[in-house]
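Notes follow once the structure below has been shown.
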Amino acid sequence: MRTYLGYITIFLLVPVLALFIFLSYQEWSLAQSPYHVLDERIPIDSIELAQTSYMTAANGKVISEVSDGGKRTYLKLDDIPLFLENLFIVSEDQKFYEHGGVDLSGISRALLINSQNDAIEQGGSTITQQLARNVFLTHDRTYNRKLSELLYAYQLERKKSKQEIMELYLNAIYFSNGAYGIEAASQFYFSKPTRELSKAELAFLAAIPNNPEHYNPLQHFDATKKRQERLLKQMVAEGDLEQMEYDRLIKSTIRLNLSTSVELYPDYVTYVHQELKNLVATSEGLSKPLQSSDESVRQKAEAELANKVEKLLHSGVTIHTALDTKLQTQSKTALQSKIGVNDIEGAIVVIQHHTHELVSLIGGKDYKKNSFNRSYQSYRQPGSAIKPLLDYAPYLEETGADINQLVSGASYCSNSYCPKNYSGDSYGMVTLRTAFAQSYNTPAIRLFEKTGIKKSFSYLDAFDFKRITMKDHHISSAIGGFEYGMSPLELTNAYTSFQDGNYQPARAIIKVTDKQGKTVYSWKDKPKEVWSKNTVSKMRTLLHEVTMTGTGRKAYFPAEYVGGKTGTTNDVKDMWFVGLTANYTTGVWIGKDKPANLQAIYSRSPHTLIWKDISQTAEQ
């Protein structure tokens, strides 16, 4: 009986045991190793320290340093003096090449001191721990942060070699005054690269990171110097420096030669930042989503673009621009001298029309970086400056008319719209050449009507006029009566088509290169044909006539080619001159931010004189 019951018990226990084994195996198979958990929670495969990016002019000169609150230029360990590396090992972590990220003796010593003071007075952190704190964590003096620091340090030691950790450390640590990493510190305090520093200077800089506020050389130079001497003395004690050299180094005079942040030509630099966003958006296929009518799609694209631009600028790129520094300076001087000290403002755009490069851009008389830039953010009515693009060129293109063909300059009325010529006179039959040069209004309207409103506006579709809408499709637009108008950059851009009949957006950015000089972004624009060669030839003759006998005579100077068109809006609230020389297309706008009458300066023609000053300089 007992045997029988035993068999029954075994028979019943077998499936239970099998189930137990099965469930245990499942749990075991699902269990994760500590390494896997760490890799999942603390991934340290790639560490990219934010670096300073640079913007350069056409001549290679740096015109702006791009960084978020601090500067950093990354150096490979091979480019960092071994003496500096030894300084930090001796002063911060003598067992760096022996421990696995944590120095237990250092921690024990720190715990003892902290318990005695009932506060966290000393961290006992290794170089690896300090790197973890600088890259991944905060500098809060709490035990939670300290525990996280230990875990990150352990992961760093698992994933990186000692040489990689040292390289990252020397590029990550803070040297006060916005300088991160040894190269930025060297450039800021001594205006020279790390490789050119003396041992005394290296030791002086090595004294700062221990307490960047207390050892800030600009405020506590003597304290920094004393710590430099202590560091050198430690080097002697460890056998890394001879006594004789120590005596010489501590007597070496430390002379700071501070460098300042480069921030030049703010009008142009501000625009380049805007163009950079457009370049990245175009290159990354974000242009259409950014213009989506679906707000969620648009917001997602905006966030993605912001992230890409931020990442790009943090990678230490160089933004190569077409800025002509000589022209930029001349343009600013011309604007300021011709307008004077008052509330009148101006904007200037200069384009090298053979290369389609934006070589100069002025956003205001005394423009400050990131403020309202009138050259591309201000939209104003163009007055008669629109006539070449909307009235004359379309008419010539459609009809093939001769510029000596007659057109009526008599009074005009359509329903209740009865515009006048600027003088108020009626001129009878005049040639296209005369009507254009003298900027008569009624002939321009008649040509516009003959071509047809729809057909005339179709030619403007080739250009990047962002605020022209169907509401502008009316007769008054023929003489500049737009709802919003256009920016100086847009209008000047459009005039470049009178160079060879083609249109291509002018770009400030030539290319963006990474630290190795490889091009990561560049424009891929292609020209679009707008006008035939025959039309271009006629328009260039008309534009030249303006400067010889017409409203733009004050803009003329002897040159291979000079031509342009004036533009004045109702009550003289805006004054324009846009024109071409052999190599450049330049646009000048003058007005007040709150539109008001400029009759007091109209007779002096400051817009044409500014254009002349700039164009003469450009063609020299």
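Values reported hereafter were calculated over all heavy atoms of this structure, with side chains retained and with hydrogens, waters and symmetry mates removed. Quick caveat, the model's predicted, so the values are computed rather than measured.
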Just how far is it from atom CG of L447 to atom CG of L396, taken to the nearest 0.5 Å?
-> 8.0 Å
In terms of heavy-atom contacts, Y561 and H544 come closest through OH-N, 3.8 Å
Going through the distances and angles, do E483 and Y379 end up as a side-chain hydrogen bond (donor to acceptor under 3.5 Å, both in side chains)?
-> CA-CA 10 Å; E483 183 175 10; Y379 287 79; over 6 Å; no
Between T56 and I319, is a side-chain contact (heavy atoms from CB on, under 4.5 Å) present by the stated rule, with each step listed?
-> CA-CA 6 Å; T56 62; I319 306 166; over 6 Å; no
Short N-O contact, D613 and K338, less than 4.0 angstrom | yes
Centroid-centroid distance, Y459 to W531, less than 6.0 Å = yes
Main-chain N/O of F448 paired to K455 side chain as donor or acceptor, under 3.5 Å | no
Stepwise side-chain contact (heavy atoms from CB on, under 4.5 Å) test for S384 and K565 | CA-CA 8 Å; S384 294; K565 186 70 187 73; 3.6 Å; yes
Is it true that E263 and K369 make a salt bridge, defined as a side-chain N closer than 4.0 Å to a carboxylate O?
-> yes
Intermediate values then yes/no, side-chain contact (heavy atoms from CB on, under 4.5 Å), K573 and N597 = CA-CA 5 Å; K573 293 178 180 177; N597 191 287; 5.6 Å; no
So, do Y503 and N493 sit near enough that their side-chain heavy atoms are less than 4.5 Å apart?
-> yes
Point-to-point distance, once rounded to the nearest 0.5 Å, from OG of S477 to CG of D472 = 5.0 Å
Scan residues 418-437 for pairs that pass ring-ring contact (aromatic ring centres under 6.0 Å, His included), counting only residues two or more places apart or in two chains.
-> Y392-F436, Y422-Y602, Y427-Y440
Verify whether one side chain among K515 and S315 offers a donor that lies under 3.5 Å from an acceptor in the other.
-> no
Any side-chain donor near an acceptor of the partner, K368 and S371, under 3.5 Å | no
Could you tell me whether K277 atom NZ has more than 12 heavy atoms of other residues or ligands within 6.0 Å of it?
-> no
Kindly write out the residues that satisfy side chain to side chain contact (heavy atoms under 4.5 Å, CB included) with K594, not counting sequence neighbours, or none if the list is empty.
-> none
Report, as yes or no, whether the 6.0 Å neighbourhood of atom OH on Y484 holds more than 12 heavy atoms from other residues, nucleotides or ligands.
-> no
Side-chain H-bond candidate by donor/acceptor type, N373 with S375, under 3.5 Å | yes
What residues, two or more places apart in sequence or in another chain, satisfy side-chain hydrogen bond (donor to acceptor under 3.5 Å, both in side chains) together with Y395?
-> Q405
Considering all heavy atoms, the nearest L491-L389 contact | CD1-CD1, 3.8 Å
Listed by chain and number, what are the side-chain hydrogen bond (donor to acceptor under 3.5 Å, both in side chains) partners of T585, not counting sequence neighbours?
-> H353
Is it true that E275 and R507 make a salt bridge, defined as a side-chain N closer than 4.0 Å to a carboxylate O?
-> no
Within 45° of the ring axis of F498 and under 6.0 Å from its six-membered ring centre, is that where the NZ or CZ of R540 lies?
-> no
Audit row: S605, H607, side-chain contact (heavy atoms from CB on, under 4.5 Å) steps and yes/no | CA-CA 5 Å; S605 296; H607 51 318; 4.1 Å; yes
Taking NZ, NE, NH1 and NH2 as the nitrogens, is one of them in K533 or D500 under 4.0 Å from a carboxylate oxygen of the other?
-> no
Residue K420 excluded, over 12 heavy atoms near NZ under 6.0 Å = no
Partner residues of D294 under the side-chain hydrogen bond (donor to acceptor under 3.5 Å, both in side chains) criterion, sequence neighbours left out | S296
Does D593 pair with R374 as a salt bridge, N-O distance under 4.0 Å?
-> yes
Non-neighbouring partners of H320 that pass side-chain hydrogen bond (donor to acceptor under 3.5 Å, both in side chains), sequence neighbours left out = T513
For the atom pair OH (Y417) and OG (S476), what is the distance rounded to the nearest 0.5 Å?
-> 5.0 Å
Taking atom CD of E560 as the centre, report whether more than 12 heavy atoms of other residues, nucleotides or ligands fall under 6.0 Å from it.
-> no
